[in-house]
Amino acid sequence: MIPLAELRDHPERFREGARRKREEAPVDEILEVDAGARRLRSEVEAAQAERRRASAASRGAPSPEQRERLNSLRARIQEGEARLAELEARLQELLLYVPNPPHESVPDGDDERSNVTVRTWGEPPRFGFEPLPHHELGDRLGIFDFERAAKISGARFAVLRGEGARLQRALISWMLDVATREHGYTEVLPPYLVRPECMVGTANLPDKEGMAYQLRDDDLYLVPTAEVPVTNLYREEILDAARLPICHVAYTACFRREAGAAGKDTRGYVRLHQFDKVEMVRFVVPESSLDELETLTGHAEHLLRRLGLHHRVLLMCSGDMGFAQWKKYDVEVWAPGMRRWLEVSSCSAFGDFQARRANIRYRPAPGERPRFLHTLNGSGLAVPRVLDAILEARQREDGSVDVPEPLRPYMGGLERITP
RNA sequence: GGAGCGAUCGCCUAGCUGGUCGAGGGCGCCGCACUGGAAAUGCGGUAUACGGGGUCAACUCGUAUCGAGGGUUCGAAUCCCUCUCGCUCCGCCA
């Protein structure tokens with residue numbers, strides 16, 4: 001949510017922000033509704049002030065004439081209030097559709113072609129043979145079962161078996177341990193079902209309606225990412241500045257309808273309706289927001305370095321970054337079997353955009369007025385694609401796969417998965 | 001699923017025989033006094049939103065806000081209705 005007062009004073013900033021993001025923003029309609037609401041509000045307030053005075057003056061025993069006048073005042077006030085409530089509801093609704101303008105360091109561009117590679121780590125692994133894509137490796141190792149997944153749940157679901165399931169579990173545990181032990185995060189294990197206001201708080205609603213699974217009999221959504229429950233942990237709260245930054249890491253399964261992705265990534269363990277992800281969320285003071293984004297991105301990269309996986313960091317251009325983000329980096333890992341980059345983390349700074357929606361504030365110092373804090377989040381990491389990269393990058397000619405060093409303790413010391 | 005209780009200012013709480021209640025008390029916090037310094041104590045201050053005025057800062061005026069919405073009334077935190085949320089007990093279940 002963007003501040004109305006700022007939009008009123010500088011509408012061009014938000015028009016420009018939306019233009020850069022290649023999105024629509026109902027700026028003119030907001031200005032119009034706002035102007036009307038303001039006019040009406042002063043009228044209603046004047047009438048209320050009059051009623052208040054008159055009612056107090058005639059306290060206890062209003063004369064018939066006074067009574068009549070007050071009754072007509074009440075009618076006017078009620079009518080005005082009703083119309084005002086409509087206008088304000090409309091205004092609030094419209095404000096939810098104004099995108100967060102990108103930070104000035106965000107490059108302009110239409111789509112992913114304008115993203116900027118800020119750094120690359122490592123080299124693509126070399127093989128003395130033709131490396132296989134992970135789904136073929138997985139078949140040979142017997143760790144994927146897409147056919148039965150489809151039988152029980154449909155397309156874009158996966159069943160992992162044996163060492164595959166174990167490897168996934170190892171990745172989750174290891175990533176949580178690195179985040180908590182080395183990067184200073186506090187682990188939380190949140191609910192997978194959330195109320196609609198949480199989805200609005202993180203801006204997964206109303207703009208991205210249709211992305212999340214909704215329950216039929218209860219007004220709840222299945223979380224599309226841990227970002228939603230974790231960010232909303234402190235909704236409607238005023239936090240002590242001394243507590244900031246608050247850093248949480250959470251593992252959850254994530255559920256996405258992938259409605260707009262028909263035909264995309266249909267092969268392999270890449271794009272699923274349900275997948276595991278470890279997510280980092282930071283609540284910070286506004287001043288440190290963009291530094292925090294670098295820190296957060298660094299944490300995601302660190303995991304890939306430890307796994308020895310070739311990866312790169314992209315600064316998202318304005319047209320490719322999404323409605324709520326202020327600035328965003330994607331971290332992509334190289335999958336040599338498929339010969340393509342896989343997005344395994346998306347690290348975003350939101351400014352106070354989410355904090356306004358979820359009403360998360362902090363008190364800078366005792367006695368001072370509360371301010372909105374800033375939120376950030378980033379994957380650390382999306383598990384399936386990391387697993388893909390591991391399989392593909394660490395495969396041998398005989399179809400076996402070396403378990404990366406850091407994960408071995410989590411696999412009972414297992415060094416290699418063999419067919 | 002059944003029964004009951006509750007929702008007030010950062011936190012806890014009073015008010016609920018309708019006006020003097022934006023709202024008392026305590027805690028916390030801020031300032032001052034006292035002190036060598038501190039504790040204790042005393043005094044004062046301490047909500048948010050929107051709008052008007054303003055050297056657009058301090059500040060000041062107005063209006064609203066006692067879970068939400070509606071009703072009764074000249075006037076509602078206080079009375080009535082609906083809803084939401086939370087808690088407790090019973091049932092059920094892992």
Side-chain angles (χ1 to χ4, degrees), chain A residues 1-11 13 30-96 98 189-201 205 214-221 229 232-244 246 253 283 285 352 355-373:
Chain A
M1 180 108 74
I2 55 104
L4 175 60
E6 210 180 312
L7 182 137
R8 192 147 60 206
D9 295 340
H10 308 283
R13 285 185 197 167
I30 289 174
L31 291 174
E32 195 185 313
V33 174
D34 177 51
R38 287 218 282 178
R39 229 178 298 118
L40 187 54
R41 185 178 297 110
S42 21
E43 281 172 36
V44 170
E45 286 186 356
Q48 279 168 329
E50 191 185 342
R51 172 177 69 175
R52 205 181 183 189
R53 260 181 277 109
S55 179
S58 69
R59 195 175 135 82
S63 68
E65 307 85 72
Q66 284 174 321
R67 200 177 284 265
E68 196 184 327
R69 208 165 73 83
L70 285 162
N71 276 333
S72 79
L73 257 183
R74 176 173 61 194
R76 245 170 64 204
I77 290 169
Q78 281 186 339
E79 190 190 327
E81 276 181 336
R83 272 204 299 147
L84 193 56
E86 272 171 42
L87 289 180
E88 283 179 340
R90 179 80 188 125
L91 204 52
Q92 285 310 306
E93 172 75 9
L94 287 169
L95 281 171
L96 290 179
V98 179
L189 188 55
Y192 289 8
L193 293 172
V194 295
R195 296 188 167 150
E197 57 265 34
C198 292
M199 296 287 282
V200 174
L205 281 180
Q214 190 168 12
L215 299 204
R216 193 192 61 193
D217 295 328
D218 296 280
D219 200 7
L220 293 167
Y221 291 84
N232 280 283
L233 231 36
Y234 303 107
R235 63 179 298 115
E236 315 288 339
E237 289 192 36
I238 299 174
L239 303 167
D240 223 342
R243 289 182 63 187
L244 302 179
I246 292 175
F283 302 84
V285 297
D352 65 9
R356 282 179 187 278
R357 291 178 159 237
N359 195 23
I360 312 171
R361 294 173 293 170
Y362 76 106
R363 203 179 290 283
E368 284 188 38
R369 349 177 38 222
R371 296 173 66 193
F372 290 110
L373 49 71

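Residue numbering restarts at 1 for every chain, and letters A, B, ... go by the order of the sequence lines.
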Counting Watson-Crick and G-U wobble pairs only, both distances under 3.5 Å, name the nucleotide matched with [N], or none.
{"N": "B:U35", "result": "none"}
{"N": "B:A14", "result": "none"}
{"N": "B:G86", "result": "B:C5"}
{"N": "B:C56", "result": "none"}
{"N": "B:G28", "result": "B:U46"}
{"N": "B:C66", "result": "none"}
{"N": "B:C92", "result": "none"}

Whole-angstrom distance between [N] and [M], as gauged at atom [atom1]:
{"N": "B:A76", "M": "B:U65", "atom1": "C1'", "answer": "14 Å"}
{"N": "B:G18", "M": "B:C74", "atom1": "P", "answer": "15 Å"}
{"N": "B:C80", "M": "B:G24", "atom1": "C1'", "answer": "27 Å"}
{"N": "B:C21", "M": "B:G37", "atom1": "C1'", "answer": "43 Å"}
{"N": "B:G36", "M": "B:C30", "atom1": "C1'", "answer": "24 Å"}
{"N": "B:C79", "M": "B:G19", "atom1": "P", "answer": "11 Å"}
{"N": "B:G44", "M": "B:U84", "atom1": "C1'", "answer": "41 Å"}
{"N": "B:U20", "M": "B:A3", "atom1": "C1'", "answer": "42 Å"}

Integer-rounded Å distance: [N] [atom2] and [X] [atom1]:
{"X": "A:Asp219", "N": "B:C85", "atom1": "CG", "atom2": "C1'", "answer": "13 Å"}
{"X": "A:Leu4", "N": "B:A49", "atom1": "CG", "atom2": "C1'", "answer": "12 Å"}
{"X": "A:Gln78", "N": "B:G75", "atom1": "CD", "atom2": "C1'", "answer": "13 Å"}
{"X": "A:Ile77", "N": "B:U73", "atom1": "CD1", "atom2": "P", "answer": "15 Å"}
{"X": "A:Leu40", "N": "B:U63", "atom1": "CG", "atom2": "C1'", "answer": "13 Å"}
{"X": "A:Asp218", "N": "B:U84", "atom1": "CG", "atom2": "P", "answer": "12 Å"}
{"X": "A:Glu88", "N": "B:C50", "atom1": "CD", "atom2": "P", "answer": "10 Å"}
{"X": "A:Arg363", "N": "B:C30", "atom1": "CZ", "atom2": "C1'", "answer": "11 Å"}

Closest heavy-atom pair and its distance - A:Gly201, A:Arg357: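 Taking A:Gly201 first and A:Arg357 second, the nearest heavy atoms are O-CB, 3.4 Å.
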From the options [options], select the nucleotide whose nearest atom is closest to the side chain of [X].
{"X": "A:Arg38", "options": "B:G52, B:U48, B:G75", "result": "B:G52"}
{"X": "A:Arg361", "options": "B:U63, B:C74, B:U48", "result": "B:U48"}
{"X": "A:Ile238", "options": "B:A64, B:G10, B:G52", "result": "B:G10"}
{"X": "A:Glu45", "options": "B:U63, B:G52, B:U73", "result": "B:U63"}

Sidechain-backbone polar pair: A:Asn232 side chain, A:Cys198 backbone, donor-acceptor under 3.5 Å: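 Indeed, once roles are kept as given, a pair shorter than 3.5 Å links the two residues.
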Do the side chain of A:Arg235 and the main chain of A:Ala358 share a donor and acceptor less than 3.5 angstrom apart?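 Checked: no pair found.
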Contact class for [X] (heavy atom, under 4.0 Å): base, sugar-phosphate, or nothing?
{"X": "A:Arg39", "answer": "nothing"}
{"X": "A:Asp240", "answer": "nothing"}
{"X": "A:Arg369", "answer": "sugar-phosphate"}

Look at atom CZ of A:Arg83 and say whether more than 12 heavy atoms of other residues, nucleotides or ligands are closer to it than 6.0 Å. no
First of A:Ala49 and A:Arg74 reached from the 5' end of RNA chain B, by closest nucleotide: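 Checking each residue's closest nucleotide, the 5'-ward one belongs to A:Ala49.
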Between A:Arg195 and A:Pro370, who's closer to the 5' end of RNA chain B by nearest nucleotide?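 Its nearest nucleotide lies further toward 5', so the answer is A:Pro370.
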For B:A49, does either OP1 or OP2 sit under 4.0 Å from a side-chain N or O belonging to A:Arg356? no
Excluding sequence neighbours, so at least two apart, what forms side-chain hydrogen bond (donor to acceptor under 3.5 Å, both in side chains) with A:Glu197?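 Residues passing side-chain hydrogen bond (donor to acceptor under 3.5 Å, both in side chains) with A:Glu197: none at all.
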Quick one: which of A:Gln92, A:Glu93, A:Glu86 gives a side chain to side chain contact (heavy atoms under 4.5 Å, CB included) with A:Arg90?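 Going through the options one by one, the only one that passes is A:Glu93.
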Would you say that A:Glu43 contacts A:Leu40 through its side chain, given a criterion of any heavy-atom pair below 4.5 Å between the two side chains? yes
